[in-house]
Amino acid sequence: MALRSMEVFVLSFKLAKAGRCRWKIENECFNTLKNQGYNINHNYGHGKENLSFNVYLLILLAFYFHQIFELTDTAYQACRKRNRSKQHMWEQLRSIIKIVIFKTWEELLALVTDPDAFDIPIKKS
């Protein structure tokens, strides 16, 4: 009888630990979506308008792509390493693509990673 209660205790301990790990992952993920440049809030998806839900889905899709890039894309990894935070990196990328046209994603990331390697003509008035 004592062995059975010990097995139940160990199993419940493992389940509680797994639940806390899942909760931690969810909290970290939402913190990233809210505070690291994705600007997502709890109010996305609420209400009768479909547009806010669609925007929410597009942001999640972008976030998933960026997670894949972090694991597989060396240019993205170098760019991410060079910046203080994801928010800073996204602000930098947004400001650059407003003034410079790039043929590829790799060219954009290369500019952010090593800006001195590029000769960008600036028109002076």
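- A search for ring pair (Phe, Tyr, Trp, His ring centres under 6.0 Å) contacts involving Y76 returns F69, not counting sequence neighbours.
- Closest approach of T113 and L109 over heavy atoms only: OG1-O, 2.7 Å.
- The two residues H88 and N83 make their nearest non-hydrogen contact at ND1-OD1, 3.0 Å.
- Under a hydrophobic clustering in which Ile, Leu, Val, Met, Phe, Trp and Tyr are joined whenever their side-chain heavy atoms come within less than 4.5 Å, directly or via other members, F63 and V55 fall into the same cluster.
- Contact of the T104 side chain with the E107 side chain is registered, since non-hydrogen atoms from C-beta on lie closer than 4.5 Å.
- The two atoms that bring V112 and C79 nearest to each other are CG1-SG, 3.3 Å, heavy atoms only.
- Residue L71 places its CG atom among more than 12 non-hydrogen atoms of other residues, nucleotides or ligands, all under 6.0 Å distant.
- Here side-chain hydrogen bond (donor to acceptor under 3.5 Å, both in side chains) pairs that include residues 60-75, with residues two or more places apart or in two chains, are Y38-H66, E70-K86, D73-W105.
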Which donor-acceptor pairs under 3.5 Å do the side chains of residues 89-100 make with protein atoms, sequence neighbours left out?
unit_1	atom_1	unit_2	atom_2	d
E91	OE2	Q87	NE2	3.4
S95	OG	E91	O	3.2
S95	OG	Q92	O	2.9

